[in-house]
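As a basis for the values below, the full set of heavy atoms in this structure was taken, side chains included, without hydrogen atoms, waters or symmetry mates. In the text below, chain A, chain B and the rest are named by the order of the sequence lines, each starting its count at 1.
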Amino acid sequence: MDKKKFTRTLVTAALPYANGPIHLGHLAGAYLPADIFVRFKRLKGEDILFICGSDEHGVPITITAEKEGVSPKVIIDRYHEMNRKAFEDFGMSFDNYSRTSLPLHHKTAQEFFLKYYQNGILKQKKELQYYDEKAKMFLPDRYLVGTCPHCKSEDARGDQCENCGSYLNPTDLINPKSKITGETPILKETTHFYFPLGNYQERLEKYIAEKDKQEGWKENVLNYCQSWFKEGLQDRAVTRDLDWGVKVPVEGFENKVLYVWFEAVLGYISSTKEWAEKQGKPEEWRKYWQSEETKYIAFIGKDNVVFHTIVFPAMLMAWNDLSEEKYILPDNVPANEFLNYEGLKFSKSRGWGIDLKDFLEHFPPDPLRYYLASILPENRDTDFYWRDFQAKNNNELADIFGNFVNRTLTFTNKHFNSQVPEIKKLSELDEELIKQLPEFKNRIEALYEKIKIKDALNETMNLARLANKYFNDSQPWKTIKEDYDACATTINLSLQLIRTLAVLLSPVIPFTSEKIFKLLNIEDEDLKKWDGCDETKLKAGHKINQPEIIFTKIDDKVIEPYLKSQEKTEVQSVKNQKTETKSNVIDIDEFKKVEIRVAKVIECEAVPKSKKLLKLKVDLGFEQRQVIAGLAEFYKPEEMIGKKVLVVSNLKEAKLMNEISQGMILAVEDENNQLKLVTVDENLPLGSLLR
RNA sequence: GGCGAGGUAGCUCAGUUGGUUAGAGCAGUGGAAUCAUAAUCCACGUGUCGGGGGUUCGAAUCCCUCCCUCGCUACCA
């Protein structure tokens, strides 16, 4: 295996977007597993660099700024600092936490862009885009408001209607207005650069297959990639008409910036450069990005897979084709699924979930780290439950691990004058325990190496359980009266076990491990390292400190406010609605909402390029409407003309294949899945309402 | 509608190159013990492995089909 050639590791964690606070879902997706992995590697004394930073460009930030009437800088400064601090309090051990608004990052991103531009990699395409003549700027989708063609809601955005949830193109909007000036924008031609992702598809597929073979990629990640490849990679625009961002360094394009997806991933590189500068060795970053001896692991959540397995590698390939300085590509992208909150998705707009910052105001970081690590969505979506958090903290951290530490230290304090007693003889039980330590260490190590963090933690806790069993079975409270030497051995080994557990658990609960080292009066850094943590290194006679409780239990009263606040949230009511609609029974009022009328088809043609759709004009007596119906497989257009049909006349308007549909024609499906029109008595007048 | 993932114990989740009586933690029941944060240790599971069908000596695992959840996507209206 060529695995052995790696002499150092580069780890990046997805750059959090500086438009809001970090919440627990983010932690479980990318940051905590990355941090645990990195801490483990550092404990082993390996050369590893851990890079992150804030992603500070893009339209959502400018929108937030507009809303608050401040500059985007105010927004990014706020959230960059808030998240940096929250990460620090949570124990994230980044070597560098940078931000993409730094000049260094702008320079790096422009360098990449220019390399592509000057070598003819990028395509230019002209397109029409809304332009605000008063503000003298092109309007991003989100800066457009207008009437939704589907639900007639008047404040739909250019990209999506929040009222009905449908995705829109800016040109779909009826009566579009600029969000900035309120003026009606005009369509104006603009030119954008595109990155030809499709040109790299074959190499990307090969690259992923190869890395998977070497590193064993996660199945979910491979599946996401497969589905992108299957659809075929498309050109992606790399520029936007915006003010806020990295300027396009080309004459005539001064008013455009690089699209965030293009420059944000490069933030990993610029953050590494910043780190190198801080070290006083400005070229040191190359050791991590441009050396075949470096293994690169990118921790992300599943929403980021395409950028890290396809877009970013393609960009680096393109660069490497043109330069002597060649970048390494991600060797592994261990993306997690999502963490939900009490059974539902985290949702900022609905106020569902809890921010890291708020959490840490009420609880210390280690119980959260422990709990999240034990429920990481490594294979599928998982849930954060307050009850479960409380249970794991109380039953596992406090009762199993905390109590073992406490009972041992207290015993040592009481019977051995706070000194590590001497081992004079070993019982079978003692020997068995000593034998098991390296076995546990090796199993846990192997799991961490495979980034199976949940399993590693579980195995570590098994050792804590074993520790309690050993203590129980040895009965030192009895032997202290009957067999002093046996008791001394039990306590000696129990103290050794505490050190072993403190080391093994330190990637997950670093603050507590440090506290335990203090209780054990361990200052020698060698005794805090991974290697040798399975050996009995505490010397007889070593003085330890007074015992302290290392984990406090969480009382019901502390949890209750969180449980109660859920009941009131909007999301909960959405869930209730959902379950209600599941039942098929509706009451008469609901039915009365539906207006069904008799109509006559007066025109009908097939919708071009469509298999199923017919475009009809129907006469409702009082008005004529266009309806799009999925009947093309069952009726020819000419058959339809003149037929009297039933039409739902108060249905939300919808757009299908760019055609407006203002109603629904009723049809039934027969036993062969064929649709048949519902026919009506010829004598009924047009517009008659079904009762 | 299409594609992908998931549906395993009361709860949270492991487990598929097909192989004895399907696992862990938590919760629950009973017991032991009393050094310790009323902590610990031991014992205890009739689970239709989402439903149905098939392949096989043998299926949680492979195939078909249906139902439900989630994600992406689309020409439901």
Side-chain angles (χ1 to χ4, degrees), chain A residues 150 167 219-220 222-228 230-231 302-303 305-306 337-338 340 343-345 371 374-385 387-392 394-415 452 454-455 457-459 461-462 464-481 487 490-491 494 547-553 578 582 606-615 627-633 647-648 651-667 675:
Chain A
H150 302 227
Y167 292 95
E219 211 174 310
N220 57 348
L222 294 171
N223 279 330
Y224 285 119
C225 295
Q226 276 312 314
S227 76
W228 279 89
K230 225 155 109 187
E231 303 224 335
K302 68 174 164 187
D303 51 332
V305 169
V306 63
E337 302 289 308
F338 286 154
N340 294 324
L344 293 167
K345 281 186 70 153
Y371 176 54
S374 72
I375 58 164
L376 289 178
E378 288 176 329
N379 298 313
R380 58 167 155 175
D381 291 359
T382 59
D383 279 278
F384 176 98
Y385 287 104
R387 282 285 175 212
D388 203 26
F389 168 66
Q390 180 194 26
K392 292 245 180 192
N394 294 359
N395 302 333
E396 297 182 23
L397 278 182
D399 290 351
I400 295 175
F401 181 50
N403 184 50
F404 173 72
V405 173
N406 189 248
R407 73 200 294 203
T408 303
L409 295 184
T410 308
F411 202 99
T412 311
N413 183 45
K414 211 182 272 179
H415 299 287
K452 293 195 165 188
K454 248 192 318 192
D455 289 343
L457 178 57
N458 187 40
E459 190 59 19
M461 281 313 284
N462 283 341
R465 293 187 177 97
L466 184 81
N468 273 313
K469 181 168 167 55
Y470 167 76
F471 197 103
N472 261 42
D473 292 350
S474 302
Q475 300 182 303
W477 58 90
K478 259 190 197 162
T479 54
I480 187 68
K481 296 169 195 157
C487 182
T490 302
I491 297 306
S494 293
E548 272 173 43
I549 297 295
I550 54 171
F551 293 107
T552 47
K553 296 208 188 186
K578 243 183 167 177
K582 261 185 193 164
V607 176
K609 281 193 265 175
S610 149
K611 274 189 237 160
K612 297 182 185 170
L613 299 185
L614 291 178
K615 180 162 87 177
V627 174
I628 306 296
L631 295 169
E633 289 172 306
V647 172
V648 179
L651 200 63
K652 270 185 197 169
E653 248 185 40
K655 195 173 214 180
L656 300 165
M657 291 293 277
N658 267 331
E659 297 285 354
I660 296 287
S661 179
Q662 303 165 302
M664 175 170 122
I665 294 179
L666 296 190
L675 287 181

Taking only the side-chain heavy atoms of [X] (C-beta and beyond), determine which of [options] contains the nearest atom.
X: A:D383; options: B:C13, B:C35, B:U37; result: B:C13
X: A:K478; options: B:U34, B:A36, B:A39; result: B:U34
X: A:I375; options: B:U40, B:U12, B:G4; result: B:U12
X: A:I400; options: B:C35, B:C42, B:C26; result: B:C26
X: A:Y385; options: B:C41, B:A39, B:U12; result: B:U12
X: A:E396; options: B:C26, B:A39, B:G7; result: B:C26
X: A:D473; options: B:C41, B:U37, B:C13; result: B:C41

If you measure from [atom1] on [X] to [atom2] on [Y], what distance do you get to the nearest 0.5 Å?
X: A:I400; Y: A:K392; atom1: CD1; atom2: NZ; value: 10.0 Å
X: A:N458; Y: A:E396; atom1: CG; atom2: CD; value: 8.0 Å
X: A:R407; Y: A:T410; atom1: CZ; atom2: OG1; value: 10.5 Å

Rounded to whole angstroms, how far apart are [atom1] on [X] and [atom2] on [N]?
X: A:E337; N: B:U12; atom1: CD; atom2: P; result: 17 Å
X: A:L397; N: B:G25; atom1: CG; atom2: P; result: 16 Å
X: A:K302; N: B:C3; atom1: NZ; atom2: P; result: 19 Å
X: A:F471; N: B:C35; atom1: CZ; atom2: C1'; result: 5 Å
X: A:D303; N: B:G71; atom1: CG; atom2: C1'; result: 11 Å
X: A:L466; N: B:G25; atom1: CG; atom2: C1'; result: 16 Å
X: A:W228; N: B:U73; atom1: CH2; atom2: C1'; result: 10 Å
X: A:M461; N: B:C13; atom1: CE; atom2: C1'; result: 16 Å

At 4.0 Å (heavy atoms only), tell me whether [X] reaches a base, stays on the sugar-phosphate, or touches nothing.
X: A:F338; result: nothing
X: A:K392; result: nothing
X: A:N462; result: nothing
X: A:T410; result: sugar-phosphate
X: A:N220; result: nothing
X: A:D455; result: nothing
X: A:T552; result: nothing

Start with the C-alpha gap between A:K302 and A:D381, add the side-chain angles, then the distance that decides, and say whether side chain to side chain contact (heavy atoms under 4.5 Å, CB included) holds.
CA-CA 10 Å; A:K302 68 174 164 187; A:D381 291 359; 3.1 Å; yes
Name the residue closer to the 5' end of RNA chain B, choosing between A:N458 and A:F401 according to the nucleotide with the nearest heavy atom.
A:N458
A:K452 or A:D388: which one's nearest nucleotide on RNA chain B is closer to the 5' end?
A:D388
Under a 3.5 Å cut-off for both contacts, is [N] paired Watson-Crick or G-U wobble with anything, and if yes, with which nucleotide?
N: B:G58; result: none
N: B:A32; result: B:U40
N: B:G25; result: B:C11
N: B:A74; result: none
N: B:U17; result: none

Give me the distance, rounded to whole Å, that separates [N] from [M] when you measure between the [atom1] atoms they each carry.
N: B:A38; M: B:A24; atom1: P; answer: 28 Å
N: B:G7; M: B:G52; atom1: C1'; answer: 16 Å
N: B:G50; M: B:C68; atom1: C1'; answer: 8 Å
N: B:C49; M: B:A59; atom1: C1'; answer: 11 Å

Does [X] get its side chain close enough to the base of [N], under 3.5 Å, for a donor-acceptor pair?
X: A:R380; N: B:U12; answer: no
X: A:N472; N: B:U40; answer: yes
X: A:N403; N: B:A36; answer: yes

Using the ring of each side chain (for Trp, its six-membered ring), is A:F401 parallel, tilted or perpendicular to A:F551, with breaks at 30° and 60°?
tilted
Would A:E337 and A:R380 pass as an ion pair if we require N to O under 4.0 Å?
no
A:S494 versus A:T408, closest heavy-atom pair with distance
CB-CG2, 3.5 Å
How close do A:N403 and A:D399 get, counting heavy atoms only, and between which atoms?
CB-O, 2.9 Å
If you compare every side-chain N and O of [X] against the phosphate oxygens of [N] (OP1, OP2), does one of them come in below 4.0 Å?
X: A:N379; N: B:A14; value: yes
X: A:K553; N: B:A39; value: yes
X: A:N395; N: B:A27; value: yes
X: A:K454; N: B:A14; value: yes

Check the geometry between A:W477 and B:C35 and answer yes if their rings are stacked (centres below 5.5 Å, planes below 30°), otherwise no.
yes
